[in-house]
Protein chains: 2
Amino acid sequence: MITFAQAFELFASRVLPASLTDAAHLRFRTLATLRQLARDTSLEIAEEGQQIVFVARGATKLVAHASQSRDQIVAFHFPGDVFTVPEPDNYSYSLSALRDSDILTFASADFLALAAGEAGVLRYLLENTTLSLRRCREKTIALGRKNARERLAVFLLAMAERIGVEQDGRIALDLPMSRRDIAESLGLTIETVSRQLTKLKDERVIETLGRSGIVLLKPSLLRGRAGFLREAA
Amino acid sequence: MITFAQAFELFASRVLPASLTDAAHLRFRTLATLRQLARDTSLEIAEEGQQIVFVARGATKLVAHASQSRDQIVAFHFPGDVFTVPEPDNYSYSLSALRDSDILTFASADFLALAAGEAGVLRYLLENTTLSLRRCREKTIALGRKNARERLAVFLLAMAERIGVEQDGRIALDLPMSRRDIAESLGLTIETVSRQLTKLKDERVIETLGRSGIVLLKPSLLRGRAGFLREAA
DNA sequence: TGCTTGCCTTGATCCAGATCAATGCCGGGC
DNA sequence: GCCCGGCATTGATCTGGATCAAGGCAAGCA
């Protein structure tokens with residue numbers, strides 16, 4: 001649990017240019033709302049319109065709700081991430097905490113109006129949105145053209161890049177999300193996720209420690225089965 | 001076929017604020033490159049890094065190439081659209097013309113450097129990127145959680161919104177893309193696309209005219225089978 | 001430290017959509 | 001207005017992953 005001041009300071013140091021006047025700084029501060037989400041609780045984004053979100057602590061998932069309780073996880077987010085939560089269109093969206101999390105939210109319209117004069121802030125937002133878009137496109141490729149084994153490989157490599165701890169060639173992961181979350185992110189079922197992980201374990205590509213620990217023993221091998229353009233060794 | 005001057009004028013009227021000085025206007029103009037792509041030809045985005053693209057005329061597809069000639073169409077674009085083509089990462093990307101097209105391209109880095117002082121331009125880019133992201137997320141949901149019939153419905157409705165011509169409750173489409181393109185966009189095979197279209201025809205939801213013409217007879221019926229959150233009548 | 005609850009794993013079966021294989025037909029060229 | 005090539009449709013079969021159905025086991029709690 002962190003305070004609003006701490007969370008905003010994290011946000012400001014990352015997003016707001018050092019050159020920003022104190023007055024402008026304060027105006028951004030007025031727009032921010034701190035939401036402290038306990039594990040497994042979620043934020044419904046309904047009436048408030050598009051939101052800009054900054055993750056100060058924890059880990060979250062952005063979930064899209066289609067009909068018949070078919071949910072698709074659109075993205076996972078970790079501390080430091082900045083992203084947009086769309087307002088409901090054909091689907092409704094919610095943001096859930098995978099662990100206890102502290103996040104700052106801004107009404108998008110207000111934030112952009114304030115940032116209109118601050119090219120640095122806009123540029124930062126643009127870069128982050130472009131990054132989200134790149135990740136989303138890669139996910140599209142995985143969901144459209146890859147089989148279960150490849151999707152798992154892609155997922156593990158993406159997590160390795162974002163929260164992995166490397167040690168002499170191995171990469172250790174402490175996954176905050178459940179098998180169900182992984183399945184909902186990859187367009188698979190929990191059973192298939194489980195079976196593919198077991199296979200990777202049998203093939204000595206990964207090792208598991210309890211429910212959340214996974215060690216990538218041979219990241220290069222995993223890259224080879226991710227179905228990327230350039231096959232790795 | 002249109003001239004560079006015409007294409008840039010279209011771009012400027014849409015993207016550059018009226019208040020922009022002539023000097024700045026000219027600098028943007030210097031960065032633009034006109035590419036005239038004949039139907040079925042494509043632009044490889046390789047050495048040049050991330051590009052910002054404006055479609056002045058025609059229709060294009062953004063294709064991601066994974067291994068083994070498995071291609072995934074990431075997005076379709078129509079006149080007036082502004083979007084980014086990522087530089088190659090795990091995949092390579094190319095932009096192909098569905099019809100004869102005229103597009104303007106800008107090296108992203110140069111463009112952003114120039115736009116750094118122009119909050120209006122940045123804001124416009126940000127809004128377009130956010131729109132691309134929203135569309136990409138909706139596609140993720142379709143690919144992750146919907147069956148073939150629903151994907152076709154979603155596709156037809158999306159096309160109706162972008163290039164449809166409404167006339168007394170019906171929406172006429174003249175699709176510039178082939179069945180193969182539709183399949184590669186929806187993560188299906190051409191055979192499945194064809195069968196689903198035939199089914200919709202049998203059910204009197206659509207009518208086809210030749211290879212490219214489709215009329216949505218009952219858009220609301222189609223919405224009902226798109227698997228959106230709020231089922232339409 | 002044992003219990004209990006909710007994940008996770010494993011196994012058996014099924015089916016939507018892929019794949020394989022013809023055939024049909026649109027539209028461009030002459 | 002006919003011919004041709006490539007796209008589209010239709011049919012038969014196959015299969016990866018979904019679904020249905022038990023167990024196993026980790027983590028929190030008493």
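Proteins get letters first, then strands, A, B, ... in listed order; numbering begins at 1 in each.
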**Message:** Could you check whether the side chain of B:Arg149 and the base of C:dG17 have a donor-acceptor pair of N or O atoms closer than 3.5 Å, going by distance alone?
**Reply:** no

**Message:** Quick check: any donor-acceptor pair below 3.5 Å linking the side-chain of B:Arg179 to the base of D:dT10?
**Reply:** no

**Request:** Report yes if a side-chain nitrogen or oxygen of B:Thr192 is closer than 4.0 Å to either non-bridging phosphate oxygen (OP1 or OP2) of C:dA16; otherwise report no.
**Result:** no

Checking contacts here: which listed nucleotide ([options]) is nearest the side-chain heavy atoms of [X]?
| X | options | result |
| --- | --- | --- |
| B:Arg211 | C:dG17, C:dG27, C:dT19 | C:dG27 |
| B:Leu188 | C:dT10, C:dA18, D:dT9 | C:dA18 |
| A:Arg195 | C:dA12, C:dC8, C:dT19 | C:dA12 |
| B:Ser194 | D:dA18, C:dA18, D:dA8 | D:dA8 |

d([atom1], [X]; [atom2], [N]) in whole Å:
| X | N | atom1 | atom2 | result |
| --- | --- | --- | --- | --- |
| B:Arg180 | C:dT19 | CZ | P | 11 Å |
| A:Leu143 | D:dA18 | CG | P | 12 Å |
| A:Lys201 | D:dC25 | NZ | C1' | 11 Å |
| A:Arg39 | D:dA27 | CZ | P | 11 Å |
| B:Arg145 | D:dA18 | CZ | C1' | 11 Å |
| A:Leu175 | C:dC7 | CG | C1' | 15 Å |
| B:Asn147 | D:dG16 | CG | P | 21 Å |
| B:Met177 | D:dA8 | CE | P | 12 Å |

**Prompt:** What are the two closest non-hydrogen atoms of A:Leu143 and B:Thr140, and how far apart are they?
**Reply:** CD1-O, 3.5 Å

**Asked** Of A:Ala148 and B:Ile190, whose closest DNA chain D nucleotide lies nearer the 5' terminus?
**Response** B:Ile190

**Prompt:** With a 4.0 Å cut-off on heavy atoms, is B:Gly213 in touch with a base, just the backbone sugar-phosphate, or nothing at all?
**Reply:** nothing

**Request:** Using a heavy-atom cut-off of under 4.0 Å over every strand shown, decide if B:Thr189 touches base, sugar-phosphate, or nothing.
**Result:** base

**Item:** Pair B:Phe83 and B:Phe76, ring centroids less than 6.0 Å apart
**Value:** no

**Fill in**
Sorted by position of nearest nucleotide on DNA chain C, 5' first, the leading residue of B:Gln196 and B:Glu191 is B:Gln196

**Message:** Please identify which of these residues, B:Arg162, B:Arg57, B:Lys61, meets the salt bridge (Lys or Arg N to Asp or Glu O under 4.0 Å) condition with B:Asp81.
**Reply:** B:Arg162

**Request:** State the CD-OG1 distance between B:Glu184 and B:Thr189, to the nearest 0.5 angstrom.
**Result:** 11.0 Å

**Message:** Classify the ring geometry of A:Phe8 against A:Phe11: parallel below 30°, tilted from 30° to 60°, perpendicular beyond 60°.
**Reply:** tilted

